[in-house]
**Student:** 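I am attaching a structure below and will ask some questions about it afterwards.
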Amino acid sequence: DARVTQTPRHKVTEMGQEVTMRCQPILGHNTVFWYRQTMMQGLELLAYFRNRAPLDDSGMPKDRFSAEMPDATLATLKIQPSEPRDSAVYFCASGPLKGEQYFGPGTRLTVT
Amino acid sequence: KNEVEQSPQNLTAQEGEFITINCSYSVGISALHWLQQHPGGGIVSLFMLSSGKKKHGRLIATINIQEKHSSLHITASHPRDSAVYICAAPSFSGGGADGLTFGKGTHLIIQP
């Protein structure tokens, strides 16, 4: 049963530290998304890739967030430096072109 | 950019009742998504539909592209249906496998 995997599942860090979240999309899916969920804002799109090329990262704070796909089996989301307002659940999702999106279990980030 | 509105925000019903959740969006799209988020936090795609109606078990989703409106129905509701149901549409017109804009979600509780 193919699934999107994300690591770590939970991360607690201090303000100013670098945080890296990883996602392994479902094999064969050519589109990968990063979303963030907070109580206040709900689910928001941060960035997405197609065939490893970034298509839209307008939802990300550019000064501290970066997203990459070093290869087809790995997507990363990095925050440097982290701030308390970055505390949220970060979801990765993958999907085929013009198809449903399959969500990973999420990384719960707490920045103190 | 698309704006997605859902109603109601909260819904409590008795087991067996017929449930309807509504979703409207502002920009013409090629397909709309219905997602389910359980108390544990995982997000599952229920439907992706571009016209008419889709049915999966006791769940039915309909969409009216001209009116930019979709509904999710649950027949013979059961306590295990208790979850947050989220409507999502591509952020920009004509988007298929594009980043999504989400509604705020409908928190559904089915009481035995």
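Atom set for the values below is all heavy atoms of this structure, side chains included, hydrogens, waters and symmetry mates excluded. The structure presented is a predicted model; accordingly, all values stated were derived computationally and were not measured.
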**Student:** Taking the side chain as C-beta and beyond, is there a heavy-atom pair between Val44(B) and Tyr102(A) under 4.5 Å?
**Tutor:**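 No; the side chains remain at least 4.5 Å from each other.
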
**Student:** Check for me, please, whether Phe47(B) and Ile60(B) land in the same ILVMFWY cluster - side-chain distances under 4.5 Å, paths through other members count.
**Tutor:**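 Shared cluster, no.
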
**Student:** Hey, are the side chains of Leu45(A) and Thr101(B) touching, using non-hydrogen atoms and a 4.5 Å cut-off?
**Tutor:**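 Side-chain contact under 4.5 Å: no.
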
**Student:** Treating Ile, Leu, Val, Met, Phe, Trp and Tyr as nodes and any side-chain heavy-atom pair under 4.5 angstrom as an edge, say whether Met69(A) and Ile26(A) lie in one connected cluster.
**Tutor:**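 No; tracing contacts between hydrophobic side chains, which count when under 4.5 Å, never links both residues.
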
**Student:** Measure Met39(A) against the heavy atoms of chain B and call it side chain, backbone, both or neither at under 4.5 Å.
**Tutor:**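 It is neither, since no heavy atom gets under 4.5 Å.
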
**Student:** Determine whether more than 12 heavy atoms belonging to other residues, nucleotides or ligands lie under 6.0 Å from atom CZ of Arg108(A).
**Tutor:**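 Open: at most 12 neighbouring heavy atoms sit under 6.0 Å from CZ of Arg108(A).
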
**Student:** Should Tyr90(A) and Ile43(B) be regarded as members of a common hydrophobic cluster, given that ILVMFWY residues are connected when their side-chain heavy atoms come within less than 4.5 Å of each other, either directly or indirectly?
**Tutor:**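 Different clusters: Tyr90(A) never reaches Ile43(B) through Ile, Leu, Val, Met, Phe, Trp or Tyr contacts under 4.5 Å.
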
**Student:** Do Val89(A) and Val4(A) sit in one hydrophobic cluster, given that two such residues count as connected whenever their side-chain heavy atoms are within less than 4.5 Å of each other, even indirectly?
**Tutor:**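 The answer is no; the residues belong to distinct hydrophobic clusters.
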
**Student:** Let me know if Phe91(A) has heavy atoms under 4.5 Å from chain B in its side chain, its backbone, both or neither.
**Tutor:**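 For Phe91(A), the contact with chain B is made by the side chain alone.
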
**Student:** Can you tell if the side chain of Leu100(B) reaches within under 4.5 Å of the side chain of Tyr35(A), non-hydrogen atoms only?
**Tutor:**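 A side-chain contact under 4.5 Å exists here.
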
**Student:** Could you report the tightest heavy-atom contact between Lys104(B) and Met40(A), atom names first, then the distance?
**Tutor:**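 Taking Lys104(B) first and Met40(A) second, the nearest heavy atoms are NZ-O, 4.1 Å.
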
**Student:** What about Ile110(B) and Ile74(B), same hydrophobic cluster or not, with Ile/Leu/Val/Met/Phe/Trp/Tyr joined at side-chain heavy-atom distances under 4.5 Å?
**Tutor:**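 Same hydrophobic cluster.
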
**Student:** Please tell me if the side chains of Met48(B) and Gln101(A) come closer than 4.5 Å, counting only heavy atoms from C-beta onward.
**Tutor:**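 Met48(B) does not reach Gln101(A) side chain to side chain.
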
